There are 2 protein chains.
Amino acid sequence: MALDERRTQAFFALMEAGGLLEMLMEEQLRREGGISYLQFFLLARLAQAPQGRMRMTDLADTVVHSRSGLTYQAGKLEDSGLLRREPSEEDERSVSAVITDEGRQVLEKVLPGHVEVVERGMFDALDDAQAAALADALGAVRDRLRGLTPSSSERRRSRGRG
Amino acid sequence: MALDERRTQAFFALMEAGGLLEMLMEEQLRREGGISYLQFFLLARLAQAPQGRMRMTDLADTVVHSRSGLTYQAGKLEDSGLLRREPSEEDERSVSAVITDEGRQVLEKVLPGHVEVVERGMFDALDDAQAAALADALGAVRDRLRGLTPSSSERRRSRGRG
DNA sequence: TATTGTTATACTCTATAACTATA
DNA sequence: TATAGTTATAGAGTATAACAATA
C-alpha cells in the first residue's frame, strides 16, 4: 500500500475526467442523434470495419460486457433501423451485425458535435506536448489493463453461460 | 472538426482505460467489501470530511448525478449500517450523512486491495515522469470539465425538480 | 462437447415530477 | 419564493442461467 501524492492525483483525475466527459458526450449524442454513448461506440466500430460488418462475439468483446447485453443493444439499434443482423455464411452459428445507410447517416450527423465536445472539454486545456504525453501514458495504461481484464467469452467460460 | 491522430489516441485511451479500471475496481470492491465503486466513493468522501459528516446536497454534487440517486444510495448504505443520516442543527431543512464505525471498518478492509488494483492496473505501466505528466494533463482536463458540467442543484433549477 | 447467439427473468440504478418542510 | 430532501414511478440497462442450433 503505497501510491504517492502524484499518482493519487493522476488516478482521481482520470476517473473524474472520464466520467465528466462521458456525461457531456451522452447529452450531446442523445440530443443530436437519439443514441447513447454505447450505441454510438457500437456504430462507430461497425462503420470502420470492412463492409461495415462484424460478428456479434467480436463486437461484444470490444465494447459491451456480456453477450446478452449486446443482444439487447443490437435489438434497440435494429428497431431504430441503424443496424441489421444477418446470418454468417462461413459459420452458421454466427450472426453478423451490419451498419445500415441510415446508421451511417446518424453517425455523420452526430460526429461534428461529438468531436467538438471532445475538443472543448478535453483538448482546449492541453498543448501539443501535453496531448502527446497523455496519449503515450494512457495508451500504456490501457494496454496493460486489457491484459488484466478477461474477454466476454473468457468470462463466460469461467462462470456460467451468459 | 479536426482532432489530430495523437489527440484521437489520447481520447480513446482515456475512455477505455477509465472503463477497464472501473470494471476491475468494481469486482474487487464487491468481492472484498460487498460495496459498489460509487458506494466506496461516497464512504471515502465522508471519511475524509470533518467528523465524517457532509450535507446530502454537497455529497450529491461530488459524486452522484441526481439528488434522488443519492437518496437511493444513502438508503442502501444505511441499511447495511455503513452510514447514518441525521437532521442538521443549523438548517432544519438539511440532512447530514455520517459514516459509521462499521463504515470505516469496511473502508479499511477494502482499501489495500483497492490500492493494489490501481497500482497494478495503472502505474506498473508508468515511470515517475509519466505519472507526473499524467497527473498534470488530466488535472487540467478535469478542471476544465468541471466548469462545463452543471452541479446537481444547477441542473435541478434549469429543468424540473428531481 | 464446445461455441454462437437469444431469451426469460430478476435486479440495480437513474431520473423526472410531485410532495413536505423549512428559510 | 427558493432550497433541502424524500418518494412514487417508470424506464434503461445488466447479468445469470437456460435454451436451441451448429461445429
Side-chain angles (χ1 to χ4, degrees), chain A residues 19 22-23 26-27 29-30 34-42 54-61 63-80 83-98 150-162, chain B residues 19 22-23 26-27 29-30 34-39 41-42 54-61 63-80 83-97 150-162:
Chain A
E22 185 161 343
M23 192 183 302
E26 201 85 48
E27 193 278 322
L29 293 169
R30 181 68 61 192
I35 56 177
S36 69
Y37 175 61
L38 176 57
Q39 291 169 344
F40 168 76
F41 220 103
L42 288 170
M54 279 178 89
R55 287 171 64 228
M56 290 290 280
T57 294
D58 298 333
L59 196 51
D61 277 343
V63 270
V64 129
H65 310 141
S66 72
R67 289 160 114 97
S68 61
L70 177 59
T71 297
Y72 174 80
Q73 292 295 345
K76 293 228 125 186
L77 290 170
E78 203 163 37
D79 291 344
S80 320
L83 167 158
R84 73 186 134 76
R85 279 176 286 188
E86 45 189 51
S88 171
E89 301 187 352
E90 313 98 51
D91 185 337
E92 293 199 24
R93 292 171 303 183
S94 291
V95 171
S96 287
V98 191
S151 71
S152 118
S153 46
E154 280 162 349
R155 267 179 292 121
R156 193 182 205 186
R157 231 162 332 191
S158 68
R159 295 190 235 156
R161 274 117 248 121
Chain B
E22 185 161 343
M23 192 183 301
E26 201 85 48
E27 193 279 321
L29 293 168
R30 182 67 61 192
I35 55 177
S36 68
Y37 175 61
L38 175 57
Q39 291 170 342
F41 219 103
L42 288 170
M54 280 178 89
R55 288 172 64 227
M56 290 290 280
T57 295
D58 297 334
L59 197 51
D61 277 344
V63 270
V64 128
H65 310 140
S66 73
R67 290 159 115 98
S68 62
L70 178 58
T71 298
Y72 174 80
Q73 292 295 343
K76 292 230 125 186
L77 289 169
E78 203 163 36
D79 290 344
S80 321
L83 168 158
R84 72 186 136 76
R85 278 176 287 188
E86 46 189 50
S88 171
E89 300 188 352
E90 314 98 51
D91 186 337
E92 293 199 22
R93 292 172 302 184
S94 291
V95 172
S96 287
S151 72
S152 120
S153 46
E154 280 162 350
R155 267 180 291 120
R156 192 182 206 186
R157 231 163 332 192
S158 68
R159 294 191 236 155
R161 274 117 249 119

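In the text below, chain A, chain B and the rest are named by the order of the sequence lines, each starting its count at 1. These figures come from a predicted structure and were not determined experimentally.
- Contact record, B:Tyr37 with B:Leu29: CA-CD1, 3.7 Å, taken as the closest heavy-atom pair.
- Straight-line distance from the OH atom of A:Tyr37 to the P atom of D:dG13: 15 Å, rounded to whole Å.
- For B:Arg30, whose side chain is taken as the heavy atoms from C-beta onward, the closest listed nucleotide among C:dC13, D:dG13, C:dA8 is C:dC13.
- Nearer to the 5' terminus of DNA chain D, by closest-nucleotide assignment, is the contact made by B:Thr71 (compared with the other of A:Gln73 and B:Thr71).
- Picking from C:dT16, D:dG13, C:dC13 the nucleotide with the shortest atom distance to the side chain of A:Tyr72 gives D:dG13.
- B:Leu77 has its CG atom 14 Å from the C1' atom of C:dC13, to the nearest Å.
- More than 12 heavy atoms of other residues, nucleotides or ligands shown are found within 6.0 angstrom of CD on A:Glu86.
- Between A:Gly69 and B:Arg55, the residue anchored closer to the 5' end of DNA chain D is B:Arg55, taking for each the nucleotide with the nearest heavy atom.
- A distance of 12.5 Å separates OG in A:Ser88 from CE in A:Met56, rounded to the nearest 0.5 Å.
- The side-chain heavy atoms of B:Arg85 and B:Glu78, taken from C-beta on, include a pair separated by under 4.5 Å.
- One atom, CD of A:Glu26, and another, P of C:dA15, lie 10 Å apart when rounded to the nearest Å.
- Across the protein-nucleic acid pair, B:Glu22 atom CD and C:dC13 atom C1' stand 13 Å apart, rounded to whole Å.
- For the pair B:Arg30 and B:Ser36, the minimum side-chain heavy-atom distance is below 4.5 Å.
- Less than 4.0 Å separates DNA chain C from at least one heavy atom of each of the following residues of residues 83-95 of chain A: A:Arg85, A:Arg93, A:Ser94, A:Val95.
- Nucleotide C:dT12 holds its C1' atom 10 Å from the CD atom of B:Gln39, rounded to whole Å.
- Across the protein-nucleic acid pair, B:Asp61 atom CG and D:dA4 atom C1' stand 12 Å apart, rounded to whole Å.
- The nearest whole Å value for the distance from the CG atom in B:Asp79 to the P atom in D:dT6 is 13 Å.
- Of the possible polar contacts, none joining the A:Gln39 side chain to the A:Leu77 backbone as a donor-acceptor pair under 3.5 Å is found.
- Under 4.0 angstrom from either OP1 or OP2 of D:dT6 there lies no side-chain N or O belonging to B:Arg67.
- The shortest distance between side-chain heavy atoms of B:Leu42 and B:Met54 does not fall below 4.5 Å.
- Distance A:Asp58 CG to C:dT3 P: 14 Å, rounded to the nearest Å.
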